[in-house]
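Below is one structure, written out as structure tokens, with a few remarks after it.
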2 protein chains.
Amino acid sequence: MGSVSIPFDVLAEPTRRRILDLLLERPRLVGELTEHLGLSQPGTSKHLRVLREAGLVRVRAEAQRRWYELRPEPLREVDAWLAPYRGLWGTSLDALERHLDAMPDEMEEP
Amino acid sequence: MGSVSIPFDVLAEPTRRRILDLLLERPRLVGELTEHLGLSQPGTSKHLRVLREAGLVRVRAEAQRRWYELRPEPLREVDAWLAPYRGLWGTSLDALERHLDAMPDEMEEP
DNA sequence: AGGCTATATACCCGCAACGGCATGTATGGT
DNA sequence: ACCATACATGCCGTTGCGGGTATATAGCCT
């Protein structure tokens, strides 16, 4: 609880992003993920724990198996953070020009 | 060079995100950023170095001053990674349902 | 019950990141 | 020339993360 902060740090890990990409196709078992990642099983579990605590995945227990499934909600915050930047690329050349245009003399703060 | 990898790790740092947010408004001097961040000046410079190497900011030298300005291009890759996930939130309840629907028996990989 | 399977947890290690202080370097001002 | 300003870099200490191995836990199967 307390996952108000954007899960950028969770997504910073390439392995964890790969896990999410794999779960994007379909839910998977830990063993399956482990195999795909070329990682030790505990290593995989650890990443899954982080993802779980970030609310990015959910677990469904079936006997001893654990089906991990995607939970994209937290990615909303990433999307939200990205929003003001979106549209800045590709519009003209860069954001610079307009900025340099909009600050001719007022650059000292009170 | 070699910034093919998505700059998630760079964005994982809250301070660096704050810097980008500040630069979103207008270009700023290092001292100005330092003040806003409540951080030591060298600390700020180091973060700026990371952002620079990630191509997320650009520097314009004016005498001894350095104007740091935003360069949003690399955020495109973040946006691109996010793309397949976008639309998964809010559509129905979750992505789970459809997944659980689409894998009744084929769960073993070839 | 015993053993096998599937996953989680505990512990340890190595390394890289963040922060601070001290110092280097360049430019301006006087 | 000298000192101040603005920033970068170097070095250090601490901390946290990612990975591995060993071990616990839980549920099947015979």
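Predicted model only: the values in this text are computed from it and were never measured.
For Asp9(B), there are no salt bridge (charged side-chain N to carboxylate O under 4.0 Å, His left out) partners at least two apart in sequence or on another chain. Under the rule for a side chain to side chain contact (heavy atoms under 4.5 Å, CB included), the partners of Thr44(B) that lie at least two apart in sequence or sit in another chain are Val30(B), Leu33(B), Thr34(B), Leu37(B), Leu39(B), Leu48(B). For Tyr68(B), there are no ring pair (Phe, Tyr, Trp, His ring centres under 6.0 Å) partners, not counting sequence neighbours.
Judged purely by atom type and a 3.5 angstrom limit, Tyr85(B) uses its side chain to pair as donor or acceptor with the backbone of Leu20(A). The main-chain N or O of Trp89(B) is never found under 3.5 Å from a side-chain atom of Arg76(A) such that the two would form a donor-acceptor pair.
In this structure, Asp9(A) places its CG atom 14 Å from C1' of dG18(D), rounding to the nearest Å. Taking atom CZ of residue Phe8(A) and atom P of nucleotide dC17(D), one finds them 18 Å apart after rounding to whole Å. When the C1' atom of dG18(D) is taken as reference, atom CG of Leu51(A) falls 13 Å away, rounded to whole Å.
Rounded to 10°, the helix from dA1(C)-dT30(D) to dT30(C)-dA1(D) has 10° between the axis fitted to its first five pairs and the one fitted to its last five.
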> Would Arg71(A) and Val57(A) satisfy side chain to side chain contact (heavy atoms under 4.5 Å, CB included), going step by step from the backbone distance to the final call?
Replying inline: CA-CA 5 Å; Arg71(A) 258 207 63 202; Val57(A) 298; 5.7 Å; no
> Under the side chain to side chain contact (heavy atoms under 4.5 Å, CB included) criterion, do Arg16(B) and Val50(B) qualify, and how do the steps go?
Replying inline: CA-CA 9 Å; Arg16(B) 280 192 292 257; Val50(B) 175; 3.8 Å; yes
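In this pair, Trp81(A) and Phe8(A) present their aromatic rings perpendicular. The plane angle is above 60°, beyond the 30 to 60° band.
Between Glu13(B) and Lys46(B) no salt bridge is recorded (no basic side-chain N to carboxylate O distance below 4.0 Å).
An OP1 or OP2 oxygen of dC17(D) is reached within less than 4.0 angstrom by no side-chain nitrogen or oxygen of His47(A).
Of all nucleotides in DNA chain C having an atom under 4.0 Å from a heavy atom of chain A, the first and last in 5' to 3' order are dT5(C) to dT9(C).
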Using a cut-off of under 3.5 Å, enumerate the N/O to N/O pairs linking the protein to nucleotides 6-9 of chain D.
unit_1, atom_1, unit_2, atom_2, d
dC7(D), OP1, Val30(B), N, 3.3
dC7(D), OP1, Arg66(B), N, 3.4
dC7(D), OP2, Gly31(B), N, 2.9
dA8(D), OP1, Tyr68(B), OH, 2.4
dA8(D), OP2, Ser45(B), OG, 2.3
dA8(D), N7, Gln41(B), NE2, 2.9
dA8(D), N6, Gln41(B), OE1, 3.4

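Ala12(A) and Arg17(A) make their closest contact through O-NH2, 3.1 Å (heavy atoms, listed as atom of the first residue, atom of the second, distance).
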